Amino acid sequence: MGGDLIKVLVVDDHAPFRAAVGVLCMADGGLAVVAEAASVAEALEALSADPDLVVLDVNLGGVDGVEGARQVRALRPGLPVVLCSTAAPSELPPIPDDPGVTFVPKQNLDAHVLHEWFDRCRQHPG
């Protein structure tokens with residue numbers, strides 16, 4: 001990482017969650033939210049902000065986050081995606097079998113998790 005900020009795109013249809021991720025990124029100092037989106041369509045447009053990492057809610061209205069992760073990775077194959085939800089994994093659609101996509105329950109999402117996933121994807125691009 002070399003002191004560079006990890007640029008994060010946050011995609012969630014609940015503004016309070018997007019704001020919470022922004023706060024945890026600011027508090028960390030090594031992460032910066034460069035764009036926010038409330039839908040997959042907005043997220044695809046927000047890729048123009050050139051994020052290094054996407055935090056994507058699974059349970060979005062319209063196109064869900066799982067399909068959104070597929071679309072993001074199709075456009076930007078090297079871009080790591082963290083899918084998240086408050087729902088139990090058994091209640092969610094299957095997470096893509098993609099080395100650049102992971103799932104983290106929202107209650108476990110923190111700066112350490114984001115750094116760890118980003119670093120893992122940079123060491124083993126997929």
Side-chain angles (χ1 to χ4, degrees):
M1 221 170 51
D4 294 334
L5 286 176
I6 298 170
K7 299 177 292 182
V8 180
L9 164 59
V10 183
V11 187
D12 196 294
D13 52 357
H14 293 98
F17 180 75
R18 295 192 310 266
V21 174
V23 168
L24 83 83
C25 288
M26 275 196 313
D28 173 73
L31 301 161
V33 173
V34 294
E36 295 183 11
S39 68
V40 170
E42 288 180 15
L44 297 178
E45 290 179 22
L47 291 176
S48 64
D50 196 29
D52 300 313
L53 178 71
V54 178
V55 175
L56 180 58
D57 182 34
V58 173
N59 296 315
L60 296 170
V63 177
D64 68 36
V66 170
E67 178 57 28
R70 288 186 187 99
Q71 292 180 23
V72 165
R73 297 277 297 167
L75 290 171
R76 297 270 308 274
L79 184 58
V81 175
V82 176
L83 286 167
C84 58
S85 179
T86 56
S90 62
E91 299 172 6
L92 300 173
I95 303 304
D97 184 20
D98 179 330
V101 178
T102 193
F103 174 79
V104 177
K106 280 187 176 178
Q107 61 270 25
N108 296 345
L109 191 67
D110 61 20
H112 174 77
V113 166
L114 296 180
H115 279 286
E116 185 177 272
W117 185 244
F118 176 80
D119 291 343
R120 183 177 306 158
C121 288
R122 288 297 177 242
Q123 291 170 5
H124 306 285

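This one's a predicted model, so the numbers in the text were calculated from it and none came from an experiment.
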Exercise. Would you please test Leu114 and Leu109 for side-chain contact (heavy atoms from CB on, under 4.5 Å) and show each step?
Key: CA-CA 7 Å; Leu114 296 180; Leu109 191 67; 3.7 Å; yes
Practice problem: Go through Asp57 and Lys106 one step at a time and tell me if the salt bridge (Lys or Arg N to Asp or Glu O under 4.0 Å) criterion holds. | Solution: CA-CA 9 Å; Asp57 182 34; Lys106 280 187 176 178; 3.4 Å; yes
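Glu42 meets the salt bridge (Lys or Arg N to Asp or Glu O under 4.0 Å) test with no other residue; sequence neighbours excluded.
With hydrophobic clusters built from ILVMFWY side chains whose heavy atoms lie under 4.5 angstrom apart, Val54 does not share a cluster with Phe118. Cluster membership for Val10 and Leu56, using ILVMFWY side-chain heavy atoms within less than 4.5 angstrom, is not shared. Side-chain heavy atoms closer than 4.5 Å link hydrophobic residues (I, L, V, M, F, W, Y) into clusters, and following such links, possibly through other members, connects Val11 to Val58. At a threshold of 4.5 Å between side-chain heavy atoms, the hydrophobic network of Ile, Leu, Val, Met, Phe, Trp and Tyr places Val81 and Leu60 in one connected group. In the hydrophobic cluster analysis, where Ile, Leu, Val, Met, Phe, Trp and Tyr join through side-chain heavy atoms closer than 4.5 angstrom, Leu44 is grouped together with Val66.
Side-chain contact between Leu47 and Leu79: present, with at least one pair of heavy atoms (C-beta onward) separated by less than 4.5 Å. In this structure the side chain of Asp50 never reaches within 4.5 angstrom of the side chain of Val34, judged on heavy atoms. Two residues are said to be in side-chain contact when any heavy atoms from C-beta on lie closer than 4.5 Å; Asp52 and Arg122 meet this criterion.
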What side-chain donor-acceptor pairs closer than 3.5 Å can you find for residues 15-32, not counting sequence neighbours?
unit_1 : atom_1 : unit_2 : atom_2 : d
Arg18  : NE     : Glu36  : OE1    : 3.2
Arg18  : NH1    : Asp12  : O      : 2.5
Asp28  : OD1    : His115 : NE2    : 3.4
Asp28  : OD2    : Gly30  : N      : 2.8
Asp28  : OD2    : Leu31  : N      : 3.4
Asp28  : OD2    : His115 : NE2    : 2.7

Considering only distance and modelled atom types, tabulate donor-acceptor pairs under 3.5 Å from the side chains of residues 82-96, sequence neighbours left out.
unit_1 : atom_1 : unit_2 : atom_2 : d
Ser85  : OG     : Asn59  : ND2    : 3.0
Ser85  : OG     : Ala87  : N      : 3.0

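When each of Ile6, Val72, Leu9 is checked for a side chain to side chain contact (heavy atoms under 4.5 Å, CB included) with Pro51, only Leu9 meets the rule.
Atom NZ of Lys7 is separated from atom CG of Leu53 by 11.5 Å, given to the nearest 0.5 angstrom.
Without hydrogens or angle criteria, Arg70 side chain to Gly65 main chain gives no donor-acceptor distance under 3.5 Å.
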